[in-house]
Amino acid sequence: MSASEGPGNAIPASLPLRNDLIGEEPYGAPQLDVPVCLNVNENPYPPDPGVVKAIAARVAAIAPTLNRYPDREHTELRQAFCDYLARESGAALKVEQLWGANGSNEIMLQLFQAFGGPGRTALGADPTYSMYPEYARDTFTAWRLAHRNADFTLDVDATIAAIRDVGPSMVVLTSPNNPTGTTLPMDDLRRILEACEQAPVSGANEGVHPIVVVDEAYIEFRDPGVPSAATLIGQHPNLAVSRTMSKAFAFAGARVGYLAASQGIIDCVRIVRMPYHLSAVTQAAALAAFEHTDEQLARVLHLRDIRQQTAHWLKTLRYKGQALQVAPSASNFLLFGGRFDDRERIFDELLDRGVLIRVVGPDGWLRVCMGTDEEMARFREALTEVLPIVERAE
Ligand SMILES: *Cc1c(COP(=O)(O)O)cnc(C)c1O
C-alpha cells in the first residue's frame, strides 16, 4: 500500500453531506500492522509497570462514580498541568491559565471554533502540520500560508507582511515544527507577537488583534536551556501555547492535550467546549501519569541522543553521489533526504522490510521518528539496503 492511499469510503450521493466535504477523505497516517512503526512520532517506550498500576488504581477509584458527569472544569488536572509547566519550563501560571482536552488536536479545534469561523482567516507557515487545514475547513475558517525559508526557519519578515496583508484572527506557529523539527527562536516569536499586537483582524471590530498560537507538541525534546513560549504568556495576553502528553510524555493513547494562555483566551475556549468534554476516566489516567512524571519522561534524553546519532548517520549516506540532507531537529523525528526523486518508492521498499516511516513534507523528503534502539537498528539496516536498489531502478 502506498502512503497516499486512503481507507476509501462508502458515502451514498443521497446523503446531505456538506457540499464542501464531498469527496473528502478522513485524514490520518496509515495504521498498519508492521514490526517497526516510525511514522506518527509516538514515544516508543511503554509506561513502566508502576505507572500502569497507578493508572489502574486511579481509574478503579473513580469507577463507582461513573454514573455522574465528570468535573467539567477538570480543576485538579489543570493544577497538574500548571505544576508540570512550572517545573518543566519555569512558567509561573495560575490554574485559570490552563485548560485540557482530548489531545492537543481538540485544543486546536477549540481554538479554531472560538477564534476562527466564517469570514475569519488563520495563517500558518509552510511546510507545517497537515491537521491545521482540517481544523480550518471544519470551522469554516480560511487557511493561508506564509512560506518558510529554504532551511525551514520562519521567514519572520514575510510572516509579518502576511499578517498585515491578510488580517488573520489566528497565527499558528509550530515549535519544534512538524514535519521539519525546526525551532522558533524566542526573538522571532517576540517580533511576531509585537506585530500581532498592532495588527487588525479582518472582519472584526476595531481594536481586535490576532492571537498567536504556538504548538509545542515536541517541546520537551528541545536542547537544554531553550525557553518555552509558555514563559511569555504573562506579557502577551494574545499568546496561546498548545501542549500534549502524546509525545515526550509517552501518553498518546490516553488523548490528553492542554493549553496555556491568558485567562481571557481560556475563557473564550470554555464557550465552545462540549459540556463534560474530558471524561472522568481520562482525567484520572492523566493525574496518575503526572504522579509519575519522571518515569514518563525517562527516555526523552535517550531519544534526543538517538536523534543526534541518527542525524549524523543519515548524513553519511549518499544518494546519487550526494550526501543526504537532514533538517536540524529539536524533536523526536528527522526530516531527511531532500533530493529523493521517488520518495514513495523508498517508503514502499522500507515497508516491504517491515519499517513504516512517513511520506510528508516537501517533495524529495521523508520523515522518520525515533524508535527504540532495536527499531533504529532495523531502520538503518533497511535504509542501507534500499537506497542502492532505488538508485539502480531510476
Ligand atoms: C502529534 C502532534 C500533535 C499532538 O496531537 P495530540 O492530539 O495531542 O495527540 C499536535 N501538534 C503537532 C504539530 C503534532 O505533530
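Predicted, not measured: the structure shown is a model, and the values here were computed from it. Starting from 1, each residue takes its place in the sequence as its number. Read the numbers this way: they start at 1 and go in the same order the structure lists the ligands and their atoms.
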*Identified side-chain contact (heavy atoms from CB on, under 4.5 Å) partner of I163 from the options V201, V212, V171*: V171

*Looking only at heavy atoms of M108, does any of them come nearer than 4.0 Å to an atom of ligand 1?*
no

_ligand 1 to T174 polar contact by distance, N or O atoms, under 3.5 Å_ = no

_From K247, M245, R243 - option closest to atom 2 (C) of ligand 1 by heavy atom_ = K247

*Please work out whether the ring planes of F251 and F249 are parallel, tilted or perpendicular, with thresholds of 30° and 60°.*
perpendicular

_So that I can tick it off, tell me whether D48 and R299 are bridged by a salt bridge, with the cut-off set at under 4.0 angstrom between side-chain N and carboxylate O._
no

*What protein heavy atom sits nearest atom 15 (O) of ligand 1, and how far off is it?*
Y218 OH, 2.6 Å

*Shortest protein contact, atom 11 (N) of ligand 1 (heavy atom only)*: D215 OD2, 2.7 Å

*asked:* Between ligand 1 and G257, can you find any atom pair, the residue atom being a heavy atom, that is separated by under 4.0 Å?
replied: no

*List the steps and the verdict of ring pair (Phe, Tyr, Trp, His ring centres under 6.0 Å) for Y84 and F81.*
CA-CA 5 Å; Y84 175 70; F81 296 142; 8.7 Å; no

_Contact check, N41 vs ligand 1, heavy-atom distance below 4.0 Å_ = no

*May I ask you to decide whether R270 forms a salt bridge with E73, counting only side-chain N to carboxylate O separations under 4.0 Å?*
yes

*asked:* Considering both backbone and side-chain atoms of S104, is one of its nitrogen or oxygen atoms within less than 3.5 Å of a nitrogen or oxygen in ligand 1?
replied: yes

*What protein heavy atom is closest to atom 5 (O) of ligand 1, reported as residue, atom name and distance in Å?*
N105 ND2, 3.1 Å

*Counting from 1, what ligand 1 atoms have a heavy atom of A217 closer than 4.0 Å?*
2 (C), 3 (C), 10 (C), 11 (N), 12 (C), 14 (C)

*Which of the numbered atoms in ligand 1 are below 4.0 angstrom from a heavy atom of S246?*
6 (P), 8 (O), 9 (O)

*If the plane angle is over 60° it's perpendicular, under 30° parallel, otherwise tilted; pick one for F112 and Y135.*
tilted

_Can you name the atoms of ligand 1, numbered from 1 with element, that are less than 4.0 Å from a heavy atom of N178?_
13 (C), 14 (C), 15 (O)

_Y129, any N or O under 3.5 Å of ligand 1 N or O_ = no

*Could you tell me whether Y132 and ligand 1 have an N or O pair separated by under 3.5 Å?*
no

*Give me the one residue out of R222, E220, R243 that meets side chain to side chain donor-acceptor pair (under 3.5 Å) with S228.*
R243

*Indicate yes or no: does E291 engage R58 in a salt bridge with an N to O separation below 4.0 Å.*
yes

*asked:* One thing to verify: whether R137 and E134 come together as a salt bridge, which I'm taking to mean a side-chain N less than 4.0 angstrom from a carboxylate O.
replied: yes

*Any chance the side chains of T183 and S175 put a donor and an acceptor closer than 3.5 Å?*
no

*Between R255 and ligand 1, find which residue part has any heavy-atom pair under 4.0 Å and reply side chain, backbone, both or neither.*
side chain

